[in-house]
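Numbers for residues simply follow the sequence, beginning at 1. Every number for a ligand or one of its atoms is a count from 1 in the order of the listing.
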Amino acid sequence: MDKTKLPQHIAIIMDGNRRWAKKKGLPAVAGHKYVAEQGLEKIINAAKDLGIKYITLWAFSTENWDRSEQEVKAIMKLFHWGFSVMGKQLIKKGAKVRFIGDLTKFNQPLQRLMKNLTEKSQDNSAINVVFAVNYGGRDEILRTVKKIVTNVEAGRIDSTDLNEEYFTNQLDTKDIPEPDLIIRTSGEQRMSGFLPWQGIYAEYYFTDTLMPDFDENELKKAIEEYQKRDRRRGK
Ligand code: FPP
């Protein structure tokens with residue numbers, strides 16, 4: 001691996017958890033549990049050790065609320081654990097944690113945990129960890145447009161001054177550089193609304209590996225493939 005050509009920001013669409021569980025004869029949520037309790041920390045540590053500065057993990061989409069009540073509850077329980085117990089570990093390791101997505105849909109205790117973790121880790125710099133929760137690209141763009149309309153109406157900006165930079169700075173991902181590499185696990189080759197504004201120049205990497213099996217070696221393989229790409233950014 002060429003350490004001088006590392007992606008600054010890797011984003012992962014974590015897919016295939018239920019198929020992994022099914023293959024093993026386990027209940028569907030076992031895949032989510034495995035990723036939350038064992039997979040994530042390993043991947044984050046590996047990314048940090050490799051010198052990756054930003055990693056974004058899509059853990060819950062705006063559409064995921066439509067899953068069974070039992071599955072949604074189980075994922076919320078994992079979030080409670082993850083953003084408290086695992087969160088403390090992340091802080092210890094020097095990670096700066098942020099959340100993107102519409103956080104207002106989560107219950108108050110969970111919103112508090114996310115706020116706390118963001119605040120307590122804000123001075124860290126070993127790696128930036130971004131959790132995308134209740135995230136949908138269209139939803140983010142629509143919320144951003146509403147925010148901008150409010151700003152225009154309040155006279156904070158003139159509509160003729162709106163430009164890409166201003167829009168970028170109103171998104172949930174404000175201050176986070178665009179992803180260089182977007183990985184999707186489990187063989188699906190679609191974006192499903194992940195970072196549509198931010199990802200236009202990202203390199204995409206699709207792997208058949210299911211998310212619970214996506215480990216340090218798989219991450220390295222993705223980075224090696226990324227390093228073979230010729231990134232011209234339209235030039
Ligand atoms: C996609 O696989 C995965 C999800 C919708 C949920 C992912 C949630 C976690 C891994 C928990 C994360 C926890 C923390 C603490 C951040 P899928 O269920 O769509 O799998 P399938 O494609 O096999 O059905």
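- Proximity of the aromatic rings of F83 and F131 is defined here by a centroid distance below 6.0 angstrom, and this criterion is met.
- Defined by atom type and a distance below 3.5 Å, a donor-acceptor pair is present between the side-chain atoms of N64 and S61.
- Using a 4.5 Å cut-off between side-chain heavy atoms of Ile, Leu, Val, Met, Phe, Trp and Tyr, I200 falls into a hydrophobic cluster with Y201.
- Contacts of Y226 classified as side chain to side chain donor-acceptor pair (under 3.5 Å), with partners at least two apart in sequence or in another chain: R231.
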Write none if no such pair exists; otherwise list each N/O atom of ligand 1 with its protein N/O partner under 3.5 Å and the distance.
{"from": "ligand 1", "atom 1": "2 (O)", "to": "G16", "atom 2": "N", "distance (Å)": "3.4"}
{"from": "ligand 1", "atom 1": "2 (O)", "to": "N17", "atom 2": "N", "distance (Å)": "3.4"}
{"from": "ligand 1", "atom 1": "18 (O)", "to": "R18", "atom 2": "NE", "distance (Å)": "3.3"}
{"from": "ligand 1", "atom 1": "18 (O)", "to": "R67", "atom 2": "NH1", "distance (Å)": "2.7"}
{"from": "ligand 1", "atom 1": "19 (O)", "to": "D15", "atom 2": "OD1", "distance (Å)": "3.3"}
{"from": "ligand 1", "atom 1": "19 (O)", "to": "R67", "atom 2": "NH2", "distance (Å)": "2.8"}
{"from": "ligand 1", "atom 1": "20 (O)", "to": "G16", "atom 2": "N", "distance (Å)": "3.3"}
{"from": "ligand 1", "atom 1": "20 (O)", "to": "N17", "atom 2": "N", "distance (Å)": "3.1"}
{"from": "ligand 1", "atom 1": "20 (O)", "to": "R18", "atom 2": "N", "distance (Å)": "3.2"}
{"from": "ligand 1", "atom 1": "22 (O)", "to": "D15", "atom 2": "OD1", "distance (Å)": "2.9"}
{"from": "ligand 1", "atom 1": "22 (O)", "to": "R19", "atom 2": "NE", "distance (Å)": "3.4"}
{"from": "ligand 1", "atom 1": "22 (O)", "to": "R19", "atom 2": "NH2", "distance (Å)": "2.7"}
{"from": "ligand 1", "atom 1": "23 (O)", "to": "R18", "atom 2": "N", "distance (Å)": "3.3"}
{"from": "ligand 1", "atom 1": "23 (O)", "to": "R19", "atom 2": "N", "distance (Å)": "2.8"}
{"from": "ligand 1", "atom 1": "23 (O)", "to": "R19", "atom 2": "NE", "distance (Å)": "2.9"}
{"from": "ligand 1", "atom 1": "24 (O)", "to": "R18", "atom 2": "NE", "distance (Å)": "2.8"}
{"from": "ligand 1", "atom 1": "24 (O)", "to": "R18", "atom 2": "NH2", "distance (Å)": "3.2"}

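- For the ring pair (Phe, Tyr, Trp, His ring centres under 6.0 Å) test, residues two or more places apart in sequence or in another chain that qualify with F106 are W65.
- Between the side chains of Q198 and E140, at least one donor N or O lies within less than 3.5 Å of an accepting N or O.
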